Protein chains: 2
Amino acid sequence: MKVSVKIDYACRVMAELARLHGSGTLAQIDHLAQTEAVPANFLAQILGKLRTHGLITSRRGSLGGYVLARSPEEISLYDILLAVEGECLHLSGNFQGRSGRRLKQVWGEISADLGKKTKGYTLNQLATKNPTEMYYI
Amino acid sequence: MKVSVKIDYACRVMAELARLHGSGTLAQIDHLAQTEAVPANFLAQILGKLRTHGLITSRRGSLGGYVLARSPEEISLYDILLAVEGECLHLSGNFQGRSGRRLKQVWGEISADLGKKTKGYTLNQLATKNPTEMYYI
DNA sequence: AAAATCAATGAAGGTTTCTGTTAAGATTGA
DNA sequence: TCAATCTTAACAGAAACCTTCATTGATTTT
């Protein structure tokens, strides 16, 4: 089992968007890419998915950028997983063979558990102020 | 997040080995491959990892094959994950950026939770008799 | 209003990882 | 010795990851 870079990027960027929530400013790709150390063009694709799944909204043009579509408390890690990968835990198995059916059941239970857990993490919990921000020059 | 085909194969084959546990017979690759519908050559690699991590023992030669190294109750899904992939939940993130540290912490908590859950599934729970076996011709 | 600029969107290519195959040894039993 | 079996390494195809480039849409300036 593994968590992809893509997911990690998505969560970090959403955390940054949560920090900017309510400030009235739109976050541009370059800002998000630099702040969270994510390749800008790849990030554009990820933001696209988050947008089509209704987690964020975007605006084009010279004053464009991205904002959260809902308040941080209403967006969970589970929502992000669903938007970016389609499901919380992707099962690659074919579930054939003598134990296939049973294993599918087991992975399903684990997936459900993971769903519960990830629904418990919302963006306001992720978007804590980073202590390193205090060390401005 | 996703569970790899490899892991699913490993679990299914271990379940079959659990069914044969105590019978005194060694399971050969071809039997395991056919019973659990796993590519035989790929399976050989997986069995190699399970062996070097002490979950199974093998015997070469014309009457060779594989057996569980411990009883089914003493082998968990967690053990299999560890043997095949090195860790329960692999974190691909680089944990940079403003939210990197916090996200690493979150994934760590989720990983710990997953560890607990997978330790709860032992082979005797997976190696149930398959109902389709009753429909012999 | 037209042009220039800025930013999101979409499509195509390269690189690494995963999955599976092939083949050549090494060991055991008959 | 011969046949059956595990063991290991090297290779090939597929998928995922990441990057780059071109296009489209919105805003501002002239």
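Note that the structure is predicted; figures quoted are calculated from it, not measured. Proteins get letters first, then strands, A, B, ... in listed order; numbering begins at 1 in each. When reading the values below, keep in mind they use all heavy atoms of this one structure, side chains included, and skip hydrogens, waters and symmetry mates.
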(request) Identify the residue among B:Lys49, B:Arg70, B:Lys119 that makes a salt bridge (Lys or Arg N to Asp or Glu O under 4.0 Å) with B:Asp79. (result)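 Exactly one option meets the salt bridge (Lys or Arg N to Asp or Glu O under 4.0 Å) with B:Asp79, and it is B:Arg70.
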(message) Any salt bridge linking B:Glu85 with B:Lys2? Criterion: basic side-chain nitrogen under 4.0 Å from a carboxylate oxygen.
(response)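 No, this pair does not count.
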(request) Determine, for B:Arg12 against B:Asp8, whether the closest basic-nitrogen to carboxylate-oxygen distance falls under 4.0 angstrom. (result)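 Salt bridge flag = yes for B:Asp8 with B:Arg12.
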(message) Taking only side-chain N and O atoms of A:Tyr9, does any of them lie within less than 4.0 angstrom of OP1 or OP2 on D:dC17?
(response)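 Checking A:Tyr9 against D:dC17: no side-chain N or O falls below 4.0 Å of OP1 or OP2.
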(message) Counting only side-chain heavy atoms from C-beta out, which of C:dA8, D:dC6, D:dT19 sits nearest to A:Phe42?
(response)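 It is D:dT19.
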(request) Taking only the side-chain heavy atoms of A:Gln28 (C-beta and beyond), determine which of D:dC18, C:dA7, C:dT9 contains the nearest atom. (result)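 Of the options given, the side chain of A:Gln28 lies nearest C:dA7.
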Could you state the [atom1]-[atom2] distance from [X] to [N], rounded to the nearest angstrom?
{"X": "B:Leu43", "N": "D:dT8", "atom1": "CG", "atom2": "C1'", "value": "15 Å"}
{"X": "B:Ile56", "N": "D:dC6", "atom1": "CD1", "atom2": "P", "value": "10 Å"}
{"X": "A:Leu32", "N": "C:dA7", "atom1": "CG", "atom2": "C1'", "value": "13 Å"}
{"X": "B:Leu26", "N": "D:dT5", "atom1": "CG", "atom2": "C1'", "value": "11 Å"}
{"X": "B:Arg51", "N": "C:dT27", "atom1": "CZ", "atom2": "P", "value": "12 Å"}
{"X": "B:Leu50", "N": "D:dT7", "atom1": "CG", "atom2": "P", "value": "11 Å"}
{"X": "A:Leu47", "N": "C:dG10", "atom1": "CG", "atom2": "P", "value": "13 Å"}
{"X": "B:Ile46", "N": "C:dC18", "atom1": "CD1", "atom2": "P", "value": "13 Å"}

(message) Using only atom types and a distance under 3.5 Å, with no angle test, would you say the side chain of A:Ser111 pairs donor to acceptor with the backbone of A:Trp107?
(response)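 No, because the side chain of A:Ser111 does not come within donor-acceptor range (under 3.5 Å) of the backbone of A:Trp107.
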Please list, for nucleotides 11-16 of chain D, all pairs of protein and nucleotide N/O atoms separated by less than 3.5 Å.
none

(message) Each nucleotide in nucleotides 22-30 of chain D should get exactly one letter: B, S or -. Can you fill that in based on protein heavy atoms under 4.0 Å?
(response) --BBBSS--
(request) Indicate whether any N or O donor in one side chain lies under 3.5 Å from an N or O acceptor in the other, for A:Glu87 and A:His90. (result)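 Side-chain D/A pair, A:Glu87 to A:His90: present.
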(message) Quiz question: by atom type and distance under 3.5 Å, do the side chains of B:Glu16 and A:Ser99 form a donor-acceptor pair?
(response)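 Per modelled atom types, B:Glu16 and A:Ser99 side chains form no pair under 3.5 Å.
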(request) Indicate yes or no: at least one non-hydrogen side-chain atom of B:Phe42 is less than 4.5 angstrom from one of B:Gln45. (result)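 With C-beta onward as the side chain, the pair touches.
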(message) Are the side chains of A:Arg102 and B:Gln125 in contact, using a 4.5 Å heavy-atom criterion?
(response)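 The answer is yes; the side chains approach within 4.5 Å.
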(request) Could you pick out which residue, A:Ser58 or B:Pro39, lies toward the 5' side of DNA chain C when each is mapped onto its nearest nucleotide? (result)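 It is A:Ser58 whose nearest nucleotide is closer to the 5' end.
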(request) Decide yes or no, distance alone: a donor-acceptor N/O pair under 3.5 angstrom between the base of C:dT19 and the side-chain of B:Gln45. (result)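 It does not, because no donor-acceptor pair links the side chain of B:Gln45 to the base of C:dT19 below 3.5 Å.
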(message) Consider side chain to side chain contact (heavy atoms under 4.5 Å, CB included). Of A:Ile46, A:Ile29, A:Leu47, which one does A:Val13 pass it with?
(response)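 Result for side chain to side chain contact (heavy atoms under 4.5 Å, CB included) with A:Val13: A:Leu47.
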